[in-house]
Q: 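What follows is a structure written as structure tokens; I'll ask about it next.
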2 protein chains.
Amino acid sequence: MVQLSAPSASERRFMPPAVAVSTVAFALHPPVDANVADPGTGEVISTWGEYAGREGARDEHSTTLWLPLVRRTRPPFDGLWALPGGPIPWDEDLDQTAARTLHEAVLRSPGYLEQLYSFGATTRSATAQRLVTIAYWGSYGALDLASPPSPQPSRDVASDVASAAPDAVTEFSGALVASADDNVAWFSIDRLPELAFDHTEIIDYAVWRLRQRTEYSMVAHRFLGREFTLAQLRRVHEAILGEQLDPANFRRDMLAQGQLEDTGRVEQGTPHRPARLYRFTAEPEKA
Amino acid sequence: MVQLSAPSASERRFMPPAVAVSTVAFALHPPVDANVADPGTGEVISTWGEYAGREGARDEHSTTLWLPLVRRTRPPFDGLWALPGGPIPWDEDLDQTAARTLHEAVLRSPGYLEQLYSFGATTRSATAQRLVTIAYWGSYGALDLASPPSPQPSRDVASDVASAAPDAVTEFSGALVASADDNVAWFSIDRLPELAFDHTEIIDYAVWRLRQRTEYSMVAHRFLGREFTLAQLRRVHEAILGEQLDPANFRRDMLAQGQLEDTGRVEQGTPHRPARLYRFTAEPEKA
DNA sequence: CGAATAGTGTCTATGAGACATTATTCT
DNA sequence: AGAATAATGTCTCATAGACACTATTCG
């Protein structure tokens with residue numbers, strides 16, 4: 001057995017590092033029933049459904065990305081917000097652990113999930129056990145968020161092992177498991193609160209990598225539903241890159257990629273000419 | 001204290017994963033005094049100095065990359081070759097651990113070192129403790145290899161903690177520390193032996209990432225000495241990418257990057273017109 | 001009709017690939 | 001001179017950015 005609680009300073013140097021997974025999960029906006037926290041104080045102010053209705057902030061005009069955070073309820077960094085995550089059970093792949101812990105916080109499965117980088121500086125927590133964090137980044141699409149909260153991940157994942165993890169290891173995980181309460185809230189990436197561990201650094205790196213990816217890869221469509229207009233896709237790119245894009249050139253370049261398929265249908269209920277709806281196809285069109 | 005040796009099956013699921021670092025260290029050729037192993041059998045056949053002299057394989061015509069491996073001397077995977085690496089001491093950054101363990105195997109410090117990816121599939125070793133490997137990739141330049149073997153890393157790194165690590169953790173490290181003996185040898189990446197753990201997968205991924213990098217970044221010059229000709233730099237690119245490059249266009253593109261500085265000197269002792277020597281500059285030339 | 005956005009066509013500058021040509025050094 | 005490689009110049013084509021212009025729908 002492993003005895004990990006309250007290690008003395010002399011004992012710490014013989015303890016292997018704890019390993020945890022943390023996930024930066026981007027979305028164009030929170031799910032309607034999710035809590036939204038005040039940027040400055042970190043106080044949960046309302047759900048996204050109320051907030052968006054009040055402010056008139058529709059995702060049509062979304063110009064920023066959002067991500068879920070979990071409030072820690074024990075030391076270290078008690079009370080601060082942290083990325084969803086947790087320790088790695090002995091029989092779970094790293095990818096599975098990331099997916100499961102994220103689902104436990106958000107109650108929904110992301111549409112995309114990918115490993116980002118491993119952080120393990122010795123300065124992360126001077127008084128506690130050494131912690132190595134394997135960071136992931138992912139994205140929630142409109143469909144992922146529209147689905148009702150589910151207690152279990154959609155894909156089959158061993159989740160009973162979570163409670164089997166020693167308490168002392170759980171203590172150092174990126175965040176504690178929360179049960180759909182006020183300890184989970186969504187934040188705009190432009191207005192993040194003070195974060196536990198080095199999670200600010202992790203988020204900065206995730207945003208940087210997301211921008212790199214959108215320039216030479218098709219990841220943006222994962223923020224949308226199954227069908228979308230080119231204007232919607234362009235707004236996703238603009239939100240990620242933080243700059244305006246020429247609609248005409250954007251259309252030409254996207255269609256030249258051959259990964260968009262015309263569904264034949266058009267947008268409904270617009271106050272102007274409706275746009276064609278496209279679908280993403282993995283297979284490039286053969287010319 | 002942590003007791004990790006001979007865990008029972010029921011105990012294993014309560015043990016936190018062991019964390020180790022492994023490094024894929026590329027070079028245009030091994031150091032002269034390094035062992036070269038036979039591709040098929042993994043038997044150490046001679047040093048690079050003898051081998052290259054016999055075969056007439058000069059680095060001028062190098063068309064493949066080489067990397068150092070360490071032979072394991074205990075289970076699991078006893079006798080197989082593995083990437084240099086080891087467990088993470090409590091007071092060492094991940095980068096430091098990678099640099100130190102690589103130096104312990106090669107007795108030289110690499111010119112470049114960067115984190116690659118973290119591997120942690122549960123299938124890595126069914127009978128042993130769960131292992132998470134944080135993989136690094138690096139490169140040795142001509143100067144790095146030309147220097148005589150040094151027992152300590154050139155940069156100051158805490159190295160006394162290595163022996164403080166519990167034996168059971170060392171057992172699961174990427175490879176055991178070798179003291180410049182027959183248990184360290186260099187292999188061509190085209191002819192690798194059977195490897196321990198999932199190190200074959202790690203090397204494949206490292207080669208793939210190296211190719212990606214050379215296309216939009218200046219990493220190739222790190223394989224060479226401080227001064228080099230454009231032809232030498234081109235041959236490095238060709239070895240990495242595995243294809244021929246047009247000398248004229250390569251010259252134009254490299255010089256347009258503004259990161260090469262003309263030293264004013266030229267190559268010596270060529271049987272033809274000598275080439276200009278260039279130096280790499282971090283600062284782009286202002287036009 | 002006018003407003004608003006969808007969608008098309010075109011001009012231009014830039015950069016990559018191909019390759020002909022000149023330059024320099026050694027034997 | 002002839003061999004071998006360095007170094008330069010030039011042509012073409014593909015692509016990105018800018019932007020004018022046409023099309024369609026709603027109110």
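First the proteins, then the strands, lettered A, B, ... as listed; each starts at 1.
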Q: What about A:Asn249: does its side chain form a donor-acceptor pair under 3.5 Å with the base of D:dA18?
A: yes
Q: Rounding to a whole Å, what distance do you find between B:Gln257:CD and C:dG15:P?
A: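 Taking CD of B:Gln257 and P of C:dG15, I get 10 Å after rounding.
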Q: Between B:Tyr205 and B:Trp208, what is the ring plane arrangement, given parallel below 30°, perpendicular above 60°, and tilted in between?
A: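 Parallel: the ring planes of B:Tyr205 and B:Trp208 meet at under 30°.
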Q: CZ of A:Arg251 versus P of D:dA16: gap in Å, rounded?
A: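 Whole-Å distance recorded here is 16 Å.
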Q: From C:dA6, D:dT8, C:dA16, pick the nucleotide closest to the side chain of B:Asp253?
A: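 It is C:dA16.
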Q: Base, sugar-phosphate alone, or nothing: which one does B:Arg252 contact when heavy atoms must sit under 4.0 Å apart?
A: base
Q: Rounded to whole angstroms, how far apart are CG on B:Leu255 and P on D:dT8?
A: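 Distance check: B:Leu255 CG to D:dT8 P gives 8 Å.
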Q: Rounded to whole Å, how long is the line connecting atom CD of B:Glu267 with atom C1' of C:dT25?
A: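 Atom-to-atom, B:Glu267 to C:dT25, this comes out as 11 Å.
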Q: Which sits closer to the 5' end of DNA chain D, A:Pro274 or B:Asp246, going by the nucleotide each is nearest to?
A: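 Nearest nucleotide further toward 5': that of B:Asp246.
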Q: Rounded to the Å, how far apart are B:Phe228 CZ and D:dA6 P?
A: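 Distance check: B:Phe228 CZ to D:dA6 P gives 15 Å.
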Q: Classify B:Ala248 by what it touches in the nucleic acid, base, sugar-phosphate, or nothing, heavy-atom distance under 4.0 Å.
A: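 B:Ala248: base contact, heavy atoms under 4.0 Å.
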Q: Just how far, in rounded Å, is P of C:dA16 from CD of B:Gln244?
A: 20 Å
Q: Applying the ring pair (Phe, Tyr, Trp, His ring centres under 6.0 Å) criterion to B:Trp48, which one of B:Trp66, B:Trp186, B:Phe187 satisfies it?
A: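 Going through B:Trp66, B:Trp186, B:Phe187 one by one, the ring pair (Phe, Tyr, Trp, His ring centres under 6.0 Å) with B:Trp48 is satisfied by B:Trp66 alone.
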Q: Charged N to carboxylate O under 4.0 angstrom, A:Glu114 versus A:Arg209?
A: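 Salt bridge present between A:Glu114 and A:Arg209.
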Q: Between D:dA1 atom C1' and B:His272 atom NE2, what is the distance in whole Å?
A: 19 Å
Q: Once you round it to whole Å, what is the distance between C1' of D:dA6 and CZ of B:Phe250?
A: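 Going from B:Phe250 (CZ) to D:dA6 (C1'), I get 14 Å.
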Q: Categorize B:Thr229 for me: base, sugar-phosphate, or nothing, with a 4.0 angstrom heavy-atom threshold over every strand shown.
A: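 Nothing, no nucleic acid heavy atom in range.
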Q: Using a 4.5 Å cut-off on heavy atoms from C-beta on, say whether the side chain of A:Trp137 contacts that of A:Thr23.
A: no
Q: If you compare all heavy atoms of B:Ala105 against all heavy atoms of B:Val184, which two are closest, and at what distance to 0.1 Å?
A: O-CG1, 3.4 Å
Q: Tell me whether the side-chain N/O atoms of A:Arg273 come closer than 4.0 Å to OP1 or OP2 in D:dA23.
A: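 For D:dA23, OP1/OP2 do not have a side-chain N/O of A:Arg273 under 4.0 Å.
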